[in-house]
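Below is one structure, written out as structure tokens, with a few remarks after it.
Please read all numbers here as calculations on a predicted model, not as lab measurements.
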Amino acid sequence: MPIFGGFSDSEDETTMYQQTKLFNRQRSIHSIFGGGKVADILLWREPKIAATLVIGVSLLWFLLEVVEYNFITLICHASMTSMLLFFIWSTASDFLNWERPIIPEVVLDESSFKELATSFHDRFNQVLSKLLDLACGRDPPLFFLTTISLYILSIIGTYFNFMNLLFIGFVSMQTLPVMYEMYEDDVDRVASKFMRKMRKLYRKVDSNVLSKIPRGTVKSKKHA
């Protein structure tokens, strides 16, 4: 008798032509990411801000990893260069009748920080809750798939330093969600077929290997 139940051949026949969403989600990608400013940036609803972030982070990664700038040195040089340019501009404007530089005041109100913190907190809780469900054996095929993915990620981590991993993660966050939203139906169709194959493979392993592992019987205690 298989150890884990819940997946039968009849279910695969019923869902053969039924397309399910990736990770069995019920909401849109925009709502999953919080539906606010962060979601708009990740899905390129705010193209100027998203493009500025990608260019800025890419330039920072290039200076730190390729040029091998020290982070503190880079901040100091950038600050000195900016101050020097503004000083020259302000001084020249008095003699050449130019407009003095207008430095915009960027004010991050409290709601922006709360929205970012709330969005991160919600996503972290969802991921942690999903991992705990997988660890409890509620979805064995996805459990093995997640374990294999984490193992592959650990191998990839040995070939990249922390800065490169952060850069790869940032680029992935800025590209994968919007690409998935563009080709959502195709990705869901392929993912559904892959998950059905994984369930069939797991049932074979369960019936041929796991179910044949001897298990001890639990004896009930007799009360006097």
Side-chain angles (χ1 to χ4, degrees), residues 29-30 32-96 98-132 145-182:
I29 294 296
H30 189 265
I32 289 177
F33 283 116
K37 193 77 171 180
V38 176
D40 291 339
I41 294 174
L42 290 177
L43 297 176
W44 290 76
R45 307 283 174 86
E46 298 282 348
K48 293 182 179 180
I49 300 178
T52 301
L53 281 175
V54 172
I55 294 174
V57 173
S58 300
L59 180 61
L60 181 63
W61 172 83
F62 177 80
L63 292 174
L64 293 177
E65 288 297 315
V66 180
V67 183
E68 295 184 351
Y69 247 112
N70 182 276
F71 182 73
I72 301 299
T73 304
L74 176 62
I75 295 298
C76 293
H77 285 181
S79 301
M80 288 187 298
T81 303
S82 301
M83 292 176 63
L84 181 61
L85 290 176
F86 279 112
F87 175 77
I88 294 174
W89 188 354
S90 299
T91 304
S93 63
D94 295 334
F95 297 97
L96 302 176
W98 290 351
E99 288 189 12
R100 298 180 66 87
I102 301 175
I103 304 175
E105 295 183 359
V106 180
V107 180
L108 296 177
D109 55 351
E110 186 179 358
S111 61
S112 299
F113 285 102
K114 285 185 176 180
E115 180 182 352
L116 182 61
T118 302
S119 177
F120 176 79
H121 179 263
D122 292 341
R123 301 292 83 76
F124 179 79
N125 282 345
Q126 289 178 0
V127 172
L128 184 60
S129 177
K130 188 66 176 179
L131 289 176
L132 290 176
L145 181 62
T146 304
T147 304
I148 294 173
S149 302
L150 290 175
Y151 178 72
I152 295 174
L153 183 62
S154 67
I155 295 177
I156 295 176
T158 60
Y159 296 96
F160 299 94
N161 59 27
F162 184 68
M163 181 61 67
N164 287 334
L165 282 178
L166 284 180
F167 178 69
I168 293 173
F170 175 80
V171 173
S172 299
M173 278 199 320
Q174 287 295 124
T175 54
L176 294 182
V178 66
M179 290 180 64
Y180 172 70
E181 190 179 43
M182 293 171 60

> Once the angle between the rings of H77 and Y69 is folded into 0 to 90°, is it parallel (under 30°), tilted (30 to 60°) or perpendicular (over 60°)?
Replying inline: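 If you compare the ring of H77 with that of Y69, the planes turn out perpendicular.
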Side-chain touch [X]/[Y], heavy atoms, less than 4.5 angstrom:
{"X": "W61", "Y": "L166", "value": "no"}
{"X": "F87", "Y": "T91", "value": "yes"}
{"X": "L42", "Y": "V178", "value": "no"}
{"X": "V171", "Y": "V57", "value": "no"}
{"X": "S58", "Y": "F167", "value": "yes"}

When rounded to the nearest 0.5 angstrom, what is the spacing between [atom1] in [X] and [atom2] in [Y]?
{"X": "I41", "Y": "T52", "atom1": "CD1", "atom2": "OG1", "result": "10.0 Å"}
{"X": "F86", "Y": "T81", "atom1": "CZ", "atom2": "OG1", "result": "12.0 Å"}
{"X": "E46", "Y": "L53", "atom1": "CD", "atom2": "CG", "result": "11.0 Å"}
{"X": "I88", "Y": "L84", "atom1": "CD1", "atom2": "CG", "result": "4.0 Å"}
{"X": "E181", "Y": "M179", "atom1": "CD", "atom2": "CE", "result": "12.5 Å"}
{"X": "L85", "Y": "W89", "atom1": "CG", "atom2": "CH2", "result": "9.5 Å"}

> Considering all heavy atoms of both residues, which atom of S172 and which atom of P177 are nearest to each other, and what is their separation?
Replying inline: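 Reported closest heavy-atom pair: O-CD, 3.4 Å.
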> Which pair of non-hydrogen atoms, one from L74 and one from L64, has the smallest distance, and what is that distance?
Replying inline: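 Taking L74 first and L64 second, the nearest heavy atoms are CD2-CD2, 3.9 Å.
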Tell me if a side-chain donor or acceptor on [X] pairs with a main-chain N or O of [Y] at a distance below 3.5 Å.
{"X": "S154", "Y": "Y151", "answer": "yes"}
{"X": "W44", "Y": "Q174", "answer": "yes"}
{"X": "S129", "Y": "N125", "answer": "no"}

> Can N161 and N164 be said to form a side-chain contact (heavy atoms from CB on, under 4.5 Å), step by step?
Replying inline: CA-CA 5 Å; N161 59 27; N164 287 334; 3.2 Å; yes
>> If you count every heavy atom of other residues, nucleotides or ligands that lies below 6.0 Å from M83 atom CE, does the total exceed 12?
In response: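 Not buried by this count: 12 neighbours or fewer within 6.0 Å.
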